[in-house]
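From a predicted model like this one, the values you see are computed outputs, not experimental measurements.
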Amino acid sequence: MLIGELSKQTGLSKDTIRFYEKNGLIRSGDRKAGSRLYREYSAEVVERLAMIRQGKALGFTLNEIRELTTAWESGAMPRHEQVRVIQDKLTEVRQKMTRLREMEAYLAEKLSKLEAKS
């Protein structure tokens with residue numbers, strides 16, 4: 001499929017898709033049509049883009065996603081290392097949640113005080 005169709009299927013902009021390709025997160029093939037050369041994307045790229053989106057939502061950086069997917073696909077990352085990476089990210093997420101709960105409590109207290117003065 002061409003980039004326009006990939007964009008429609010994934011909801012990502014063409015610029016985002018090009019950025020991911022430039023940074024080694026996805027790959028395309030070439031398709032010649034007359035004198036023009038087009039980038040063609042496989043159905044696997046749709047799955048990869050969904051995985052990238054999910055990884056970002058879980059707090060992984062694009063560099064982390066690229067390294068992890070490359071290592072997992074090549075079999076270069078042993079299972080215990082995969083577990084460690086996920087555990088580390090889970091710890092990071094829990095720490096962020098703690099900070100957010102503290103911020104929420106602080107803001108709720110400030111709001112309560114302001115409303116009591118009204």
Chemist: For T70, does its backbone N or O pair with a side-chain atom of S74 as donor and acceptor, under 3.5 Å?
Modeler: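 Yes, the answer is positive, given that a donor and an acceptor are paired below the 3.5 Å cut-off.
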Chemist: side-chain contact (heavy atoms from CB on, under 4.5 Å) with L68: which of V85, I86, N63?
Modeler: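 When side-chain contact (heavy atoms from CB on, under 4.5 Å) is applied between L68 and each of V85, I86, N63, only V85 qualifies.
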Chemist: Test of understanding: clusters of I, L, V, M, F, W, Y form through side-chain heavy atoms closer than 4.5 Å, transitively. Do M77 and M51 belong to the same one?
Modeler: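 Each belongs to a different hydrophobic cluster.
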Chemist: Are Y41 and E5 linked by a side-chain donor-acceptor pair shorter than 3.5 Å?
Modeler: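 There is no such pair (donor and acceptor under 3.5 Å, judged by atom type) between the side chains of Y41 and E5.
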Chemist: Does any N or O in the side chain of R31 come within less than 3.5 Å of the main-chain N or O of L2, such that one atom is a donor and the other an acceptor?
Modeler: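 Judged by distance alone, no pair lies under 3.5 Å.
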Chemist: Under 4.5 Å between side-chain heavy atoms, counting indirect links through other Ile/Leu/Val/Met/Phe/Trp/Tyr residues: same cluster for I17 and F19 or not?
Modeler: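 I17 clusters together with F19.
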Chemist: I'd like to know if the side chain of K14 and the backbone of S7 have a donor-acceptor N/O pair within less than 3.5 Å.
Modeler: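 No: the side chain of K14 does not pair with the backbone of S7.
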Chemist: Measuring only between side-chain heavy atoms, which start at C-beta, is I52 closer than 4.5 Å to I26?
Modeler: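 Yes, their side chains come closer than 4.5 Å.
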Chemist: Answer yes or no: is there a side-chain heavy-atom contact under 4.5 Å between M103 and R99?
Modeler: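 Not in contact.
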Chemist: Can L49 be reached from L58 by stepping across I, L, V, M, F, W or Y side chains whose heavy atoms are under 4.5 Å apart?
Modeler: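 Both belong to a single hydrophobic cluster.
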Chemist: For R66, look at atom CZ and say whether over 12 heavy atoms of other residues, nucleotides or ligands are found less than 6.0 Å away.
Modeler: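 More than 12 within 6.0 Å, yes.
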Chemist: With distance as the sole criterion, is a donor-acceptor pair present between the side chains of E40 and S28 under 3.5 Å?
Modeler: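 No.
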Chemist: side-chain contact (heavy atoms from CB on, under 4.5 Å) with I65: which of K56, R48, Q54?
Modeler: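 The passing option is K56.
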Chemist: Looking at R101, I'd like to know if its CZ atom is crowded, meaning that more than 12 non-hydrogen atoms belonging to other residues, nucleotides or ligands lie closer than 6.0 Å.
Modeler: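 It does: R101 CZ has more than 12 such atoms within range.
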